[in-house]
Structures are given as C-alpha cells and as structure tokens.
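Below is the structure I would like to discuss, written out as structure tokens.
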Amino acid sequence: MKIVVLNGSPKGKMSFTIQYVEYVKQFHPEHDWVILDVAKKIKKLERKDAEFQAVMEEIKSADGVLWSFGLYILCVPSQYMRFIELISLKNKKDVFDGKYTGIISSSIHYYDHTAHQYLRAECEDLGMQFIDGLSVYLNDYRIKGIRELLRIFMENFLLSIKNKEATTRLYSPLHYFDFDYQPSSPDQQIEKTDKKIIILTDGNNPGNNLSKMINRFKQSYSNDIEVIDLNDIEIKGGCLGCMRCGYDYNCFYDDEFKDVYNNRIRTADIILFAGTIKGRYLSAKWKQFYDRAFFWNHTPSLVGKQIGYLISGPISQNHNLIEILEAYATTRQDANFVGILTDEIADSISLDKQIQSFARQLLYFSERDYIRPQNFLGVGGHKVFRDEIWGPIRMIWQADHRYFRKHGKYDFPQKRYFIRFGNFFMLLLCKIPKFRRKFYNNLKSMPTNRMRSTLDNAAKKELKVVKAS
Ligand SMILES: Cc1cc2nc3c(=O)[nH]c(=O)nc-3n(C[C@H](O)[C@H](O)[C@H](O)COP(=O)(O)O)c2cc1C
C-alpha cells in the first residue's frame, strides 16, 4: 500500500513529529511511504500550480493519508492550515474524497484535543474516512510503552485500510446561510471614553457582512476606533518554530509584525478580533497572526484586556472553534473573554442591537477592570504551562520562566502550608471513628454555614461602601 504523510511542521525534516513517523515506518517496510513537507514548502505550493498538483497526484495514488503536525497555538501551524485552505481554493477536494486517513501530532498536550478536532472535522469535510488520531507528548520517544502505542496505532491504521473497514463521522457538515446585513446608524453613540479600542481583522472588504459589522461596531462609540487589517501589515511568513524567542522574546523575523503587535495592539484596552469562518477555523491569515504572536512565548501578552470576537459565518455549528477562541483570550492571555458576536441571527435590526450592546459591555467591563475568573480552560491550561515551564522546557523558554517567577505563576499546591498542615491533622484525626463520624455528618452544613457567615459579614461592610460611593 502507498501511505502519504503530509508533514505539517514548518521545520520540515527536522520536525519532532516526523521522527515518530520515521520510527514507526521502520516496522512496515512492505509499504510505500511518501513524506511531503507541505508546511515548509507552503510558499512554493501557493505560487506554483505544478508543485501543488504534484502533491495532489501523490495523494490521488495513495491508499492512506497520514496528517502529521506539531501543535501550534491550540491548533495546527498556520502553514498547514494554509495548505488545507488551498485544497478548497484550488478545487481539489475530490482528490481526498473517500481516502482513508489518520492524524499524528506531538505537543505538550496543551489543547491538543482542539487541534485534533479541527483536523478531523476538516478531513470529514473533504469526504475522507477517518480511522484514528494519536497525540504524543514531544519527549515521550524515550518511553518504551509510548513507542508500543505508536506501533499499535499504526498497525490498526494500516489494517483498517487493508480491510477497507467502515469508519464513522463525528462532525455534521457546516450549513452556510444567505444573509446580507443592512446596518442602520445607532440612535445614540456611547459617550467618549479614555479607553483605547481597536479592531483587528483579516479582511475589511467593503460590502461583505464582516466589514459592515465592523463599521456598525465603530459607529457604536463616539471615539475614533482604529481598524488594523492583518493584510496591511508586512508579515514575511508564519512562525517557523525556531524558538529563538525563548530567551528574550526576540523574533527571528525582521518585519512589521512585532512592532504592530507591541505598539498598536498591546496598547489597547479593548480588542475586537473580527473574522470570517473558513472551514473549521477562521482564515489561515488569522492563524498566522496567532502563531507569530508566539514571540511572547507562553507569557500572556494581553493581560487585563477586554477581548471580543466579531464573526461572520456559522460559528454556532463549531463548538471547537468557540473553545479555541475563548481559551486564547483566557488561558493564553489572562484577558477577559467578553464573548462572540455572529451574524447568524440573520436579521439586521436585531444584529444592530446586539452590536450596540456588545460595544457597551466591552467598555463597561473595561472601565471596571473586570476579568472573570478562569474556568476549566484557564485553570487546567495554566497548570500545564506552569509545570512545563518550571520543568522540562524551562531551559528553552527562559523569558517565560522569569515572568512566571515574578508574577507568582509558580503556584504549586505544595506551597500552601496552611492547607498542608490542615490536611495532615485532619487525616490523623479522621482515624478516630467518633471524630470521623461527626466530621462527615457535618460536611453538608458546616462549610456552607461558614461560607454564608463570611459572605454576610462581607456584604454588610461592602454595602456601606457601595452606598457611600
Ligand atoms: C509557535 C509554537 C506554538 C506552540 N503551541 C503549542 C500549543 O498550543 N500546545 C502545545 O501543546 N504545544 C505547543 N507547541 C509545542 C509544539 O507542539 C511541540 O514542540 C511539537 O513537538 C513541535 O512539533 P514539530 O517539531 O513536529 O513541529 C508550540 C510550539 C511552537 C513553536
């Protein structure tokens, strides 16, 4: 059988993930393996039709296609996403239709599930038959058990293709809708504010819903709102994964990106990200923005900002993307995720009202420095970063280490001495049956009563302050 591996790492042959593929390949020399560096060569594939066609010819003659990538910013690298975008743009979906497929990725397991869900959904949209996906920790190659898992994964992949087994579909096709937004001017604009508000977009084309939403959003305020179009910034390419920024946040690229990010985006109080749904994500241009902003490494660079999303297209059918966008604002940036506004309501008057309310809410939260507490996406994400940066990846991400140390992000549970002593004594005391019975009998009421009395006392004091202000 012929297996085509689509290498999604911008590092090409130096990809970590491809080393896993190379390893497992050795157990199946009976098959013909072709590894194509589609992410590394993305500029060539974009520019030269013959190069792209050559990749399509390889896929056409393949029995199975394996997608291989290192995770970048909760999804696949922008160059890989661009490759997937090109498949539609160049009308090559039929090449993939019916092909058996699988995914292998390496990462630190930080939002690897969203990357896999994105790619599986894309495969299903291409009509491919999805067999399985495997996400490995980047350094797990030393572990015998993991190498065994890799072999089982591959054996199952090949067996499924050989037997032409039935596969399942998890993601319904996206339904796009026809709606031409006709905005009206607001009756009243929001009063002038000192807060800096910017809109970041990947395509402010007059006439489309997104640009009309952007304009209507701008009109909500009396302030002048700056619109930054990613297409107007000199961005020489996607993140190459070189990790040179790890020492002091200095990017390898010499283009306008860093300056725009630091001096025009980071200086804002309210940031509205505006984009159009493309497949199972926004555009690859947006992904390039997210990847390139990684010159700030794992350090949150939009701390305390209010972040909202203005999206044109069927985002309500894409909960994976909703999770990615929320996680980016919260766990990656320590910002306030205000929400996502979409044109799916398909009614101009209602959309006007929603935009007006959204604009007010963004400002309201900003004026009060409101950052809602992190949910699982943030709390869980933080713990992954904290442990990784403290441990195995610190020697690369030294700037992160300095930031995490300075900002109390190394909040390991073992440092909580009060809780540790409390636990120690309670564990001892609970060995006494009488104490244990009483403790567990009171568990329902005791903590709640304590909470109630603390909150009542706090309310008494704070009400006085609120009334006085
Ligand atoms: C720009 C960039 C972004 C990354 N983002 C993530 C991420 O969101 N989640 C994660 O678990 N690992 C992330 N990583 C770590 C990579 O996934 C990991 O190093 C992977 O092994 C790289 O694979 P490759 O060498 O095949 O490209 C990121 C690395 C880089 C350079």
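Remember, it's 1-based here, ligands and their atoms both numbered in the order they're listed.
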If every non-hydrogen atom of Ala284 is compared with every non-hydrogen atom of Glu85, which pair is closest and at what distance?
N-OE2, 2.7 Å

For the residue pair Ser220 and Arg360, establish whether any side-chain heavy-atom pair is separated by less than 4.5 Å.
no

Hey, what's the ring geometry for Phe157 with Phe153, parallel, tilted or perpendicular (30° and 60° as the breaks)?
parallel

For residues 139-151, dump all side-chain donor-acceptor pairs below 3.5 Å to protein atoms at least two apart in sequence or in another chain.
residue	atom	partner	partner atom	Å
Arg147	NH1	Tyr141	O	2.7
Arg147	NH1	Arg142	O	3.3
Arg151	NH1	Tyr23	OH	2.6

Ring centre gap for Tyr328 and Tyr290 strictly below 6.0 Å:
yes

Quick one: is the NZ or CZ of Arg244 closer than 6.0 Å to the six-membered ring centre of Tyr247, and within 45° of its axis?
no

Collect the protein residues that have a non-hydrogen atom under 4.0 Å from ligand 1 and hand them over in chain and number order.
Ser9, Lys11, Ser15, Phe16, Thr17, Gly70, Leu71, Tyr72, Ile73, Leu74, Ser106, Ser107, Ile108, His109, Tyr110, Leu138, Cys239, Gly241, Phe294

